[in-house]
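Down below is the structure, laid out as structure tokens.
In what follows, chains are A, B, ... by sequence order, proteins preceding strands, each numbered from 1.
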Amino acid sequence: MPKTIIVVSLLISLIASQIAFGQPSCPEFFAGGQPPVLVNAKLSNKYRLFCNSGFANGHSGLTRGPLWGAELLTKQDIDEGRGAARHDNFRPDTRLPVSERSELKDYSRSGYDRGHIVNNRDLTPENRDESFLLSNIVPQVPENNRGIWSAIESATRYEAKRRGQIYVITGALFQGQPLQSLKGRVIIPTSLYKCIYDVSKQQAGCYTTANTSGDQYAVASVAEVELAAGINLFPAMPLQVKMQLIKLPVPKARR
DNA sequence: CGGGCCTCCCCT
DNA sequence: AGGGGAGGCCCG
């Protein structure tokens, strides 16, 4: 086949995939350039993928919040961002239709924290502002967010520094019925998870924690989390890597 | 270990 | 703008 035809057909398929999903492309945040794929068909309604400067979100208009956030976490980014002040700027994501997004008033005086999916401190200072988009925020029990979850985020940054760089996918689980909500609008996740993938070492693993007070957490394989989430989080990850149960640093909770 | 100090992530 | 609780880190 002539080279021009190959190039043209590649371009057409690329454009077609963009049109088909109505989504921009940001392969740099995904292992193998491949974003998560929904397996559970119930999630696909009102599902959108957003590319930001420092990370990507898969967003559900049904829960009015992110299902997952993806980033490439590097030692360099963490070192560069160290010590930079945080400037809160929580705001609704106007890329979403009103019918699919959460608003500040949903969270106000709700008793729930606005919990980051992709963490503010993981991003470079110039990219941090977009972590406050509500498309990256879920209702989180305050004791969980400020306690064990904060420790899991620290442990994850430690792993990134130790390994040089890792792909990270953080997400929310909505399990069982009935699910609780803020004002009948924003569905409250029952659990959160954070999975890491070290491509050079072909190692992967996840933390999970129930969205409750207390410092309980568990370590799980990517395969287990994918099954619970109904999402193929890392389409490019070999099955044997998904099945691994690697040792992750203990997120310490003081007792 | 314990204490002091810093970091994190929110709240009003 | 100011506050606070929890956790991390370092030093003894």
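Residues satisfying the salt bridge (charged side-chain N to carboxylate O under 4.0 Å, His left out) criterion with A:R146, sequence neighbours excluded, are A:D113.
Using a 4.0 Å heavy-atom distance criterion, A:Y158 is classed as making no nucleic acid contact. Backbone-only engagement by A:E153 is indicated by non-hydrogen atom pairs under 4.0 Å involving sugar-phosphate atoms exclusively.
Contact check, A:R86 against B:dC10: a side-chain N or O comes under 4.0 Å of OP1 or OP2. Applying the 4.0 Å criterion to OP1 and OP2 of B:dC10, one finds that A:N145 has a side-chain N or O inside that range. Look at A:H116 and you'll find a side-chain N or O under 4.0 angstrom from OP1 or OP2 of B:dC10. Between A:R114 and B:dC11 there is a side-chain polar atom (N or O) within less than 4.0 angstrom of OP1 or OP2.
A distance-only check finds no donor-acceptor pair linking the side chain of A:D129 to the backbone of A:D88 [under 3.5 Å]. Without hydrogens or angle criteria, A:S102 side chain to A:V186 main chain gives no donor-acceptor distance under 3.5 Å. With hydrogens and angles ignored, the 3.5 Å screen pairs a side-chain donor or acceptor of A:R128 with a backbone N or O of A:L123.
Regarding A:D113, its CG atom lies at a distance of 13 Å from the P atom of C:dA6, rounded to whole Å. The separation between A:D88 atom CG and B:dT12 atom C1' is 13 Å, rounded to whole Å. Separating the CG atom of A:N144 from the C1' atom of C:dA6 is a distance of 12 Å, rounded to the nearest angstrom. Whole-Å rounding puts the A:H87 NE2 to B:dC8 P distance at 13 Å. Between the OH atom of A:Y107 and the C1' atom of B:dC9 there is a distance of 15 Å, given to the nearest Å. Per the geometry, CD belonging to A:E143 stands 13 Å off C1' belonging to C:dG4, to the nearest Å.
DNA chain B lies under 4.0 Å from at least one heavy atom of each of the following residues of residues 117-142 of chain A: A:N119, A:R121.
Around atom CZ of A:F90, more than 12 heavy atoms belonging to other residues, nucleotides or ligands sit under 6.0 Å away.
Checking A:A84 against A:G111, the closest nucleotide of DNA chain B that is more toward the 5' end is the one next to A:A84.
The distance from atom CG of A:D93 to atom CZ of A:R101, rounded to the nearest 0.5 Å, is 8.0 Å.
Across B:dT12, B:dC8, B:dC10, the shortest atom-to-atom separation from the side chain of A:R157 is found for B:dC8. For A:R109, whose side chain is taken as the heavy atoms from C-beta onward, the closest listed nucleotide among B:dC10, B:dT12, B:dC9 is B:dT12.
Sorted by first and then second residue, the pairs that involve residues 217-229 of chain A and meet side chain to side chain donor-acceptor pair (under 3.5 Å), not counting sequence neighbours, are A:S221-A:E224, A:E226-A:K242.
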